[in-house]
Amino acid sequence: VAIRKHAAKAAAIKPPTQRAGTKQAQIIAMLHRPEGASVAEMAEATHWQSHTVRGSIAGVLKKKFGLLITTQKVAGRGTVYGIPLCDHKQ
């Protein structure tokens, strides 16, 4: 039994939101392009280090937002990441 009423209530869980105009939104927009984006292209656009771009893809986009990220090797560009049309995990 909780002593205080507010202690007995469970905190409301807010779904993660994406803010417009951020570097994260910029990366998501680049991944939505039909040609996708390489780590080098995203790092140049956001002025982030390449490990920060990869961490953002793995941690925020995949885990927090639940986006499905595809990868493919493209000659001259290296590994290219993208978000398919159906972008949420089933």
*Do Phe65 and Leu31 share a hydrophobic cluster, counting only Ile, Leu, Val, Met, Phe, Trp and Tyr and linking them when any side-chain heavy atoms are less than 4.5 Å apart?*
yes
*Quick one: side chain to side chain contact (heavy atoms under 4.5 Å, CB included) partners of Ala58, sequence neighbours excluded?*
none
*With sequence neighbours left out, what residues match Glu44 under side chain to side chain contact (heavy atoms under 4.5 Å, CB included)?*
none
*Are any of the side-chain heavy atoms of Leu61 and Ile27 separated by less than 4.5 Å?*
yes
*Working to the nearest 0.5 Å, report the span between CG of Leu67 and CD1 of Ile28.*
6.0 Å
*Listed partners of His47 passing side chain to side chain contact (heavy atoms under 4.5 Å, CB included), at least two apart*: none
Show which side-chain atoms of residues 68-75 pair as donor or acceptor with protein atoms under 3.5 Å away, not counting sequence neighbours.
from: Thr70; atom 1: OG1; to: Gly82; atom 2: O; distance (Å): 3.2
from: Lys73; atom 1: NZ; to: Thr79; atom 2: OG1; distance (Å): 3.3

*Kindly give the heavy-atom pair with the smallest separation between Gly36 and Arg77, and that separation in Å.*
O-NH2, 3.5 Å
*Hey, what do you get for OG1 (Thr46) to CD (Gln26), rounding to the nearest 0.5 Å?*
6.5 Å
*Any side chain to side chain donor-acceptor pair (under 3.5 Å) pairs touching residues 49-59, not counting sequence neighbours?*
none
*For Arg33, which residues count as a salt bridge (charged side-chain N to carboxylate O under 4.0 Å, His left out) partner, sequence neighbours excluded?*
Glu35, Glu41
*Report yes if the side chains of Met42 and Trp48 come closer than 4.5 Å at any heavy-atom pair, otherwise no.*
no
